[in-house]
Amino acid sequence: MTVRTRFAPSPTGFLHVGGARTALFSYLFARRHGGEFVLRIEDTDLERSTAASVNAILEGMNWLGLDYDEGPFYQTERFERYNAVIDELLERGLAYRCDCPKDRLERVRDMQMAAKQKPRYDGHCRSRQVDPAQPHVVRFRNPVDGVVVVEDLIRGRIPFANEELDDLVLRRSDGSPTYNLTVVVDDADMGISHVIRGDDHVNNTPRQMNILTALGYQPPRYAHVPMILGADGMRLSKRHGAVSVVAYRDLGYLPEALINYLVRLGWSHGDQEIFSLDELIELFDITDVNKSASTFNTDKLDWLNQHYIQHADAKRIARLLSPHLGHLDIDPSTGPDPVAVVEAQAARAKTLVELADISAFCYADFDDYEPTAAKKHLRPVAREPLQRVRAELDMLALADWQDAGLHRVVERVAEALGVAMGKVAQPLRVAVVGRAASPGIDVTLRLVGKAATLRRIDRALAFIDARAAQS
RNA sequence: GCUCCCUUCGUCUAGUGGUUAGGACGUCGGCCUCUCACGCCGGUAACAGGGGUUCGAAUCCCCUAGGGAGCGCCA
């Protein structure tokens with residue numbers, strides 16, 4: 001059997017991390033088994049579906065690199081087919097028309113709740129002849145006895161008694177088909193062999209299997225993946241911070257980091273933590289996914305992101321960094337090659353946003369010194385080291401403005417003054433960077449360049465004098 | 001309320017009758033060192049509770065507790 005999986009989001013918002021993970025699992029499972037992955041947009045809810053959401057979902061999938069073999073298919077373009085199926089069901093007596101008014105449905109529901117029963121349609125119209133010309137919905141005639149067994153690839157065997165299931169609506173009174181009908185028809189028509197979806201759908205599965213069976217189809221295999229929780233144990237939502245996939249991109253995360261993080265949420269391969277997409281395609285199997293929900297943990301995502309920033313090709317990172325520098329009003333062409341900056345800074349940043357922030361000093365003079373750094377290092381004692389280092393740097397030829405030469409200058413000044421290297425390097429660092437943290441002082445000076453270095457040392461000396469005069 | 005599901009360090013997980021219960025993130029300590037990181041070394045920390053089954057249970061069974069999902073003319 002050829003494996004065919006699908007991702008079937010409804011376009012009512014952005015692609016969020018939970019959806020991205022089920023899409024990833026579906027994608028990996030298909031790739032792993034040499035099958036196909038199809039994308040289907042479930043836009044039958046005309047009220048809430050938007051084109052903007054469709055674009056956002058496509059954008060998210062594209063960024064993550066989850067390419068699909070077929071689609072996107074749109075359910076709104078298949079209404080004719082759905083209605084034909086519903087009519088067929090009606091003809092064969094497997095579905096019936098129902099004109100129960102809303103208030104009746106509510107009354108039944110309230111009575112059932114009061115009697116401590118599960119609220120469900122009572123089958124009032126099952127044997128009535130409702131006039132097709134009058135407003136009505138079409139309901140599925142669910143079997144009244146027996147059990148439906150879901151053989152879930154993740155959960156195992158889950159039996160449902162048919163008496164627990166009621167007659168769900170297949171076609172609304174406005175003539176549009178409902179979700180449970182459309183998925184079933186699409187999964188059958190599209191030859192989906194494995195339905196991988198969130199476990200909020202487990203309770204729908206027996207109903208869908210019943211419809212499939214009534215239609216004469218063999219139900220696909222199902223795998224319900226557990227959901228992702230926020231730090232408070234509640235279902236992950238906007239109030240837990242970023243949930244949309246593209247938001248992570250904008251926050252400076254790499255797609256491979258998010259993929260790696262998401263796949264490890266509920267799945268593992270021994271003690272391995274780092275996985276490339278190719279490795280995942282080779283190793284992933286849906287049956288290895290855990291049954292329990294897991295908590296989204298930004299710390300670990302950060303660690304992975306830093307790992308990937310550090311180990312990815314510096315040229316690529318430099319390219320991805322450019323828009324983030326742009327947000328800081330920095331034009332990379334006005335300073336050192338961004339690739340050199342990335343090589344120097346990659347180990348220091350958890351995100352591209354952070355990388356841009358700590359690298360801004362390479363391109364532009366900073367506004368203010370970081371207060372505690374200035375307080376600690378830009379003191380009168382630093383005046384002489386700064387003056388001497390400035391003099392030496394001034395004499396250094398532009399051609400010698402390289403790590404080795406710069407290192408020697410700082411070292412020589414420290415020796416001449418009979419002080420530790422830090423007594424020279426730290427004031428110099430604060431003078432040039434504005435804060436007490438940066439790459440090695442030689443690398444830092446190299447990136448800043450001669451002119452800016454001298455200019456900033458002068459500014460620091462003036463700062464020290466002004467401060468001394470003040471006290 | 002009813003149906004279904006879940007339960008190993010704070011978090012993600014390994015583990016499928018016999019392990020000092022392993023790894024990772026975080027955290028703490030140390031090394032490296034011109035700073036911050038990186039890297040390296042080390043510490044901390046878990047089988048929800050109770051009954052069984054068994055010579056022996058994190059692993060099998062039952063109960064309890066806790067958590068979650070679903071119960072729409074939403075998907």
Query - Nucleotide B:C4, atom P - distance to CZ of A:Arg157 in whole Å - result: 13 Å

Report task. Quote, to the nearest angstrom, the P distance that separates B:A48 from B:A57. Result -> 16 Å

Query raised in the report: Side chains of A:Ser26 and A:His194: donor-acceptor distance under 3.5 Å anywhere?
Result: no

Report summary line: Whole-Å distance, A:Asn290 CG to B:A14 P, equals 5 Å

Query raised in the report: Regarding A:Ser53 and A:Thr12, is there a side-chain donor-to-acceptor distance under 3.5 Å anywhere?
Result: no

Requested in this report: Round to a whole Å and report the spacing from CG of A:Asn204 to C1' of B:C71.
Outcome: 10 Å

Query raised in the report: Just checking A:Arg120: base, sugar-phosphate only, or nothing, at a heavy-atom cut-off of under 4.0 Å?
Result: nothing

Query - Length of the line joining A:Asp302:CG and B:U11:P, which is rounded to integer Å - result: 18 Å

Report task. Specify the separation, in whole Å, of atom CZ of A:Arg435 and atom C1' of B:A37. Result -> 13 Å

**Report entry** Rounded P spacing from B:C47 to B:G30 in Å
**Finding:** 29 Å

Report task. Give A:Gln345 one of three labels, base, sugar-phosphate or nothing, depending on what nucleic acid heavy atoms sit under 4.0 Å from its own. Result -> nothing

Requested in this report: Find the distance A:Lys291:NZ to B:C6:P and express it as a whole number of Å.
Outcome: 5 Å

Report task. Using the closest heavy atom to pick a nucleotide of RNA chain B for each, name whichever of A:Ala437 or A:Tyr179 lands nearer the 5' end. Result -> A:Ala437

Requested in this report: Starting from P on B:A75, measure out to CG on A:Leu181 and report it in whole angstrom.
Outcome: 11 Å

Query - Separation of B:U3 P from A:Gln117 CD (nearest whole Å) - result: 11 Å

